[in-house]
Protein chains: 2
Amino acid sequence: MAGDDEEPVGADALDRLVWALRRAELAVQALKEQRLRPLGMMAAHYTLLMTVHAEPGLTGAELARRLNVTPQAVASLVARLEKREQLERRAHPRHGHVQELHLTDAGRTALRAADEAIAGIERQISGELSTPEAAQLRALLDRVAESARRA
Amino acid sequence: MAGDDEEPVGADALDRLVWALRRAELAVQALKEQRLRPLGMMAAHYTLLMTVHAEPGLTGAELARRLNVTPQAVASLVARLEKREQLERRAHPRHGHVQELHLTDAGRTALRAADEAIAGIERQISGELSTPEAAQLRALLDRVAESARRA
DNA sequence: TCATTGATATCAAGCGCTTGATAGTAGCCA
DNA sequence: TGGCTACTATCAAGCGCTTGATATCAATGA
């Protein structure tokens with residue numbers, strides 16, 4: 001055809017699913033940081049605390065895989081949260097070298113406050129969607145995530 | 001109630017929309033990096049080139065707002081892409097101090113190759129969804145993004 | 001005409017994350 | 001029992017991004 005190479009890339013590139021996904025996540029992430037800042041917590045800290053809360057006793061390496069970052073990055077975050085007394089490292093019962101991560105009471109308190117802010121964002125966003133729409137969006141996102149991870 | 005404070009945060013925190021959104025974006029982003037690496041391009045470069053392609057003549061500051069990063073970060077990326085001859089800075093017709101950004105032919109070629117990889121990811125992901133599902137997901141994501149940005 | 005305002009670009013310093021490399025420990029198997 | 005392998009944790013160096021501050025220039029208003 002004559003028009004095949006008029007455009008170096010498809011004009012619909014910005015209408016793609018992956019682009020819409022990025023835009024949405026970027027906007028939500030910015031909102032998270034904004035709401036979490038007054039609480040003296042960063043989104044990365046919230047994510048880490050929430051992950052450890054969901055799976056207590058997680059090791060640093062395992063946590064790094066969950067968060068898609070390197071073990072060193074996790075160690076840096078853990079060190080800071082440990083200094084704030086929000087997280088503690090305990091020796092693994094079998095592996096003396098390995099350290100399990102657990103939330104402290106202060107960590108749970110901080111997490112609860114942060115989660116209140118995140119829940120507010122969730123309410124606001126899902127409030128503009130009908131209940132079935134929200135459920136379907138969640139289901140579709142899960143399928144997208146699994147599809148990308150399986151690739 | 002007795003069980004109100006047994007859990008510091010709602011047990012459904014991981015079932016939230018914002019969490020599913022993050023998981024999906026993280027997985028897709030990792031896939032992008034993986035597919036773009038063999039082409040010697042990073043996801044950030046692709047995003048920048050695509051944005052400039054969509055709006056030629058964009059200034060650095062304007063571009064920074066589009067990408068949700070600081071002007072300095074953009075300047076760093078631009079300098080690198082300029083060194084690769086994929087991007088060029090031209091003086092603004094009215095504002096001598098301001099510089100417009102334009103893609104070079106090499107930039108368009110590189111963008112086309114990169115976009116091929118991204119399009120492959122798009123096909124793979126949307127291939128696991130029905131056509132109406134993909135359309136609805138895109139529409140819902142746009143509403144989420146606008147809702148978060150408006151907050 | 002000239003000062004002020006607003007926006008751009010750029011420099012400098014600090015911090016967080018990544019890649020690469022090293023040390024320690026449990027599990028497996030000959 | 002001894003050695004190999006796999007996994008964990010940590011150190012060191014480099015790079016990219018952020019915050020903060022500075023210089024330049026167009027546009028506005030007195």
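Chain letters run A, B, ... following the sequence lines, proteins first, then strands; residues in each count from 1. Hydrogens, waters and symmetry mates play no part in the numbers below; they use all other heavy atoms, side chains included.
- When each of D:dT8, D:dC17, C:dT8 is scored by its nearest atom to the side-chain atoms of B:T59, the top-ranked nucleotide is C:dT8.
- Protein atom CE of B:M42 is 11 Å distant from nucleotide atom P of C:dT19, rounded to whole Å.
- A sub-4.0 Å separation between OP1 or OP2 of D:dT8 and a side-chain N or O of A:R65 is present.
- Neither OP1 nor OP2 of D:dC15 sits under 4.0 Å from any side-chain N or O of B:R80.
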Original post:
Is there a side-chain contact (heavy atoms from CB on, under 4.5 Å) between B:R108 and B:L49 once you walk through the steps?
Top reply: CA-CA 8 Å; B:R108 270 180 284 270; B:L49 290 178; over 6 Å; no
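- Panel note: side chain B:R143, backbone A:E128; a donor-acceptor pair is recorded below 3.5 Å.
- Rounded to an integer number of Å, the gap from A:K83 NZ to C:dC15 P is 12 Å.
- With DNA chain C read from its 5' end, the first of the two nearest nucleotides for B:P71 and A:S76 is the one closest to B:P71.
- For the pair A:L26 CG and D:dC17 P, the computed distance is 13 Å after rounding to whole Å.
- A:E100 places its CD atom 10 Å from the P atom of D:dA9, with the value rounded to the nearest Å.
- Between B:L58 atom CG and C:dT8 atom P there is a gap of 11 Å when expressed in whole angstrom units.
- Here the side chain of A:H97 is nearest to one of C:dT25, D:dC17, C:dC17, namely C:dT25.
- Applying the 4.0 Å criterion to OP1 and OP2 of D:dC17, one finds that B:T70 has every side-chain N and O outside that range.
- Here B:R150 pairs with B:E146 in a salt bridge; the nearest charged N to carboxylate O distance falls below 4.0 Å.
- In this structure, the CG atom of A:L101 is 8 Å from the P atom of D:dA9, given to the nearest Å.
- Distance, B:Q34 CD to C:dT18 P: 16 Å, rounded to whole Å.
- For B:Q72 against D:dG16, no side-chain N or O and base N or O form a donor-acceptor pair under 3.5 Å.
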Original post:
Taking it one step at a time, do B:W19 and A:M50 satisfy side-chain contact (heavy atoms from CB on, under 4.5 Å)?
Top reply: CA-CA 11 Å; B:W19 194 270; A:M50 181 62 81; 3.9 Å; yes
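- Between the side chain of B:T47 and the backbone N or O of B:A43, at least one donor-acceptor pair lies under 3.5 Å.
- The 5' end of DNA chain D is approached more closely, in terms of each residue's nearest nucleotide, by A:R89 than by the other of A:R89 and A:R37.
- In this structure, CG of A:L77 is placed 15 Å from P of C:dC15, rounded to the nearest angstrom.
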